[in-house]
Protein chains: 2
Amino acid sequence: MEQNLSLNLHVLTARLDRAADRILRAEHGISYSRFLALTLVGELGASTQRTLAEYLGVTEPSVSRMTTVLAADGLLDVQPDPAGGNRRRLSLTDEGKRRVTSIRQEFEERLAMVVAHSGVPYAEYAEHTARLLATFDRLEREAGK
Amino acid sequence: MEQNLSLNLHVLTARLDRAADRILRAEHGISYSRFLALTLVGELGASTQRTLAEYLGVTEPSVSRMTTVLAADGLLDVQPDPAGGNRRRLSLTDEGKRRVTSIRQEFEERLAMVVAHSGVPYAEYAEHTARLLATFDRLEREAGK
DNA sequence: TTAAGCAAGTTAGCATGTTAAGTTAATCGC
DNA sequence: GCGATTAACTTAACATGCTAACTTGCTTAA
């Protein structure tokens with residue numbers, strides 16, 4: 001069984017994402033992807049599309065399309081960066097802030113309960129996951145691309 | 001940081017998947033999704049589309065489209081199940097078998113090396129991941145849907 | 001034995017991921 | 001100062017996920 005880590009991670013995450021998406025759509029009328037984007041802008045200070053793409057681990061075209069939609073929905077403010085360059089400056093609208101804060105706490109508690117149910121030590125698993133992610137970042141940067 | 005497990009899992013898996021996909025496409029001319037499907041048919045005995053969908057953690061329409069493509073590419077054999085019903089019986093073609101076996105060993109070793117690099121204990125992390133997945137399966141089944 | 005129901009699969013339409021190839025705005029070297 | 005480079009973003013085309021609704025083939029019950 002131990003040679004199936006990549007497969008299990010893939011499937012576990014796919015199911016968590018699907019469940020999160022179902023809950024958010026049903027109870028809050030927003031997709032998980034969009035909620036993550038708003039969260040990162042609002043709480044981790046992703047202030048350009050490039051930065052947001054890095055935080056999310058997706059490419060710039062994905063972010064470009066998503067910010068267009070979120071702006072059209074009135075949740076995200078997208079402005080040319082006053083500091084110059086071709087950057088966009090991202091920030092939440094009042095409505096965007098309201099959505100994120102009303103959802104976040106309750107949603108994370110729900111996920112933590114699922115983990116607790118499994119008997120897996122949350123803190124340790126979270127720490128290992130974070131460390132794998134950091135290592136992956138480093139290896140990819142070292143590999144040039 | 002510990003309240004970001006869902007986000008970190010999402011991002012870690014997205015990056016692992018992307019890297020796996022890049023390697024497989026460049027060196028073996030096949031996508032990661034299709035490789036996973038062939039692997040599950042070849043090694044875990046996913047013999048109907050329904051079963052394959054469960055193993056992959058995706059829905060039936062996704063599998064339906066993929067089996068059509070894999071059959072057209074000559075890697076997968078899709079036949080009406082002789083036992084009757086509306087089932088399809090899935091099996092690898094000779095070319096499909098050749099592709100899977102030539103890729104699998106080398107590819108898994110590569111992933112294990114990345115994990116080793118991070119200092120995270122492979123066996124423990126793999127076991128926790130498997131347990132989370134099993135718990136999730138159980139909870140979803142209990143929840144009716 | 002025929003209608004109702006169920007399980008497996010397909011089709012259609014959309015969301016969101018990708019790569020490849022442009023555009024835009026600042027910077028750097030001559 | 002002007003052409004080449006670079007960074008951030010966009011556009012286009014495609015891959016692969018989803019849900020909703022349909023078809024197909026068996027099973028079950030009146």
Side-chain angles (χ1 to χ4, degrees), chain A residues 10-26 29-38 46-73 76 78-90 145, chain B residues 10-26 29-38 46-73 76 78-90 145:
Chain A
H10 178 91
V11 173
L12 172 64
T13 300
R15 293 194 182 171
L16 287 174
D17 286 354
R18 259 202 294 169
D21 199 63
R22 241 184 279 122
I23 292 169
L24 285 175
R25 280 178 197 277
I30 191 172
S31 75
Y32 185 51
S33 298
R34 291 179 191 182
F35 171 70
L36 284 179
L38 292 178
S47 57
T48 69
Q49 298 187 175
R50 181 85 197 74
T51 309
L52 181 53
E54 274 167 18
Y55 282 168
L56 284 173
V58 302
T59 59
E60 288 170 72
S62 299
V63 168
S64 177
R65 184 172 41 194
M66 194 152 59
T67 55
T68 300
V69 174
L70 287 172
D73 285 354
L76 189 68
V78 181
Q79 295 293 334
D81 190 329
N86 197 30
R87 292 192 191 83
R88 310 288 178 265
R89 173 159 299 266
L90 305 178
K145 153 85 188 54
Chain B
H10 178 91
V11 173
L12 172 63
T13 300
R15 291 195 184 170
L16 286 174
D17 286 355
R18 258 203 294 169
D21 199 62
R22 241 186 280 121
I23 292 170
L24 284 175
R25 280 177 197 278
I30 191 172
S31 76
Y32 185 50
S33 298
R34 293 180 187 180
F35 171 71
L36 284 180
L38 292 178
S47 55
T48 68
Q49 296 187 178
R50 183 84 198 74
T51 309
L52 181 52
E54 275 167 18
Y55 281 168
L56 285 172
V58 303
T59 59
E60 288 171 72
S62 300
V63 167
S64 176
R65 183 171 41 194
M66 193 151 60
T67 54
T68 300
V69 174
L70 287 172
D73 285 354
L76 189 69
V78 181
Q79 296 293 333
D81 190 327
N86 197 28
R87 291 192 191 85
R88 311 288 178 266
R89 172 159 300 266
L90 305 178
K145 149 96 191 54

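Note on naming: letters A, B, ... go to the chains in the order of the sequence lines (proteins, then strands), and numbering restarts at 1 for each one.
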Using a cut-off of 4.0 Å on non-hydrogen atoms, how would the nucleic acid contact of [X] be classed: base, sugar-phosphate, or nothing?
X: B/Arg34; result: sugar-phosphate
X: A/Ser33; result: sugar-phosphate
X: B/Thr68; result: nothing

Is there a donor-acceptor contact under 3.5 Å from the side chain of [X] to the main chain of [Y]?
X: B/Thr13; Y: B/His10; value: no
X: A/Thr51; Y: A/Ser47; value: no
X: A/Arg34; Y: A/Val69; value: no

Base of C/dG17, side chain of A/Arg65 - is there a donor-acceptor contact under 3.5 Å?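 For A/Arg65, whose side chain was compared with the base of C/dG17, there is a donor-acceptor pair (under 3.5 Å).
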Distance test, side-chain N/O of [X] to OP1/OP2 of [N], below 4.0 Å:
X: B/Arg18; N: C/dT18; answer: yes
X: B/Thr59; N: D/dC18; answer: yes
X: A/Ser62; N: C/dT18; answer: yes
X: A/Arg87; N: D/dA7; answer: no
X: A/Gln49; N: D/dT10; answer: yes

Length of the line joining [X]:[atom1] and [N]:[atom2], which is rounded to integer Å:
X: A/Ile30; N: C/dT16; atom1: CD1; atom2: C1'; answer: 14 Å
X: B/Glu54; N: D/dG17; atom1: CD; atom2: P; answer: 16 Å
X: B/Met66; N: C/dA8; atom1: CE; atom2: P; answer: 18 Å
X: B/Tyr32; N: C/dT18; atom1: OH; atom2: C1'; answer: 17 Å
X: A/Arg50; N: D/dT10; atom1: CZ; atom2: C1'; answer: 15 Å
X: B/Leu56; N: C/dG9; atom1: CG; atom2: P; answer: 13 Å
X: B/Glu60; N: C/dT11; atom1: CD; atom2: P; answer: 14 Å
X: A/Asp81; N: D/dA8; atom1: CG; atom2: C1'; answer: 11 Å

What nucleotide, of C/dT16, D/dT10, C/dG17, holds the atom closest to the side chain of A/Arg88?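 Out of C/dT16, D/dT10, C/dG17, the nucleotide with an atom closest to A/Arg88's side chain is D/dT10.
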Which nucleotide in the set C/dT19, D/dT11, C/dG17 lies at the smallest distance from any side-chain heavy atom of A/Ser64?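 In terms of side-chain proximity for A/Ser64, the closest of C/dT19, D/dT11, C/dG17 is D/dT11.
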First locate atom [atom1] of [X], then atom [atom2] of [Y], and finally report the distance between them rounded to the nearest 0.5 Å.
X: B/Leu36; Y: B/Asp21; atom1: CG; atom2: CG; result: 9.5 Å
X: A/Ile23; Y: A/Arg18; atom1: CD1; atom2: CZ; result: 13.0 Å
X: B/Asp81; Y: B/Thr48; atom1: CG; atom2: OG1; result: 8.5 Å

Could you list all N or O pairs between the protein and nucleotides 20-29 of chain D that sit under 3.5 Å apart?
from	atom 1	to	atom 2	distance (Å)
D/dT24	O2	B/Asn86	ND2	3.3

Looking at every non-hydrogen atom in both residues, tell me the closest pair between A/Arg88 and A/Val78 and how far apart they are.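 Looking at all heavy atoms of both residues, the closest pair is CB-CG1, 3.9 Å.
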Looking only at heavy atoms, what is the nearest atom pair of A/Pro82 and A/Arg89, with distance?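 Looking at all heavy atoms of both residues, the closest pair is CD-NE, 3.8 Å.
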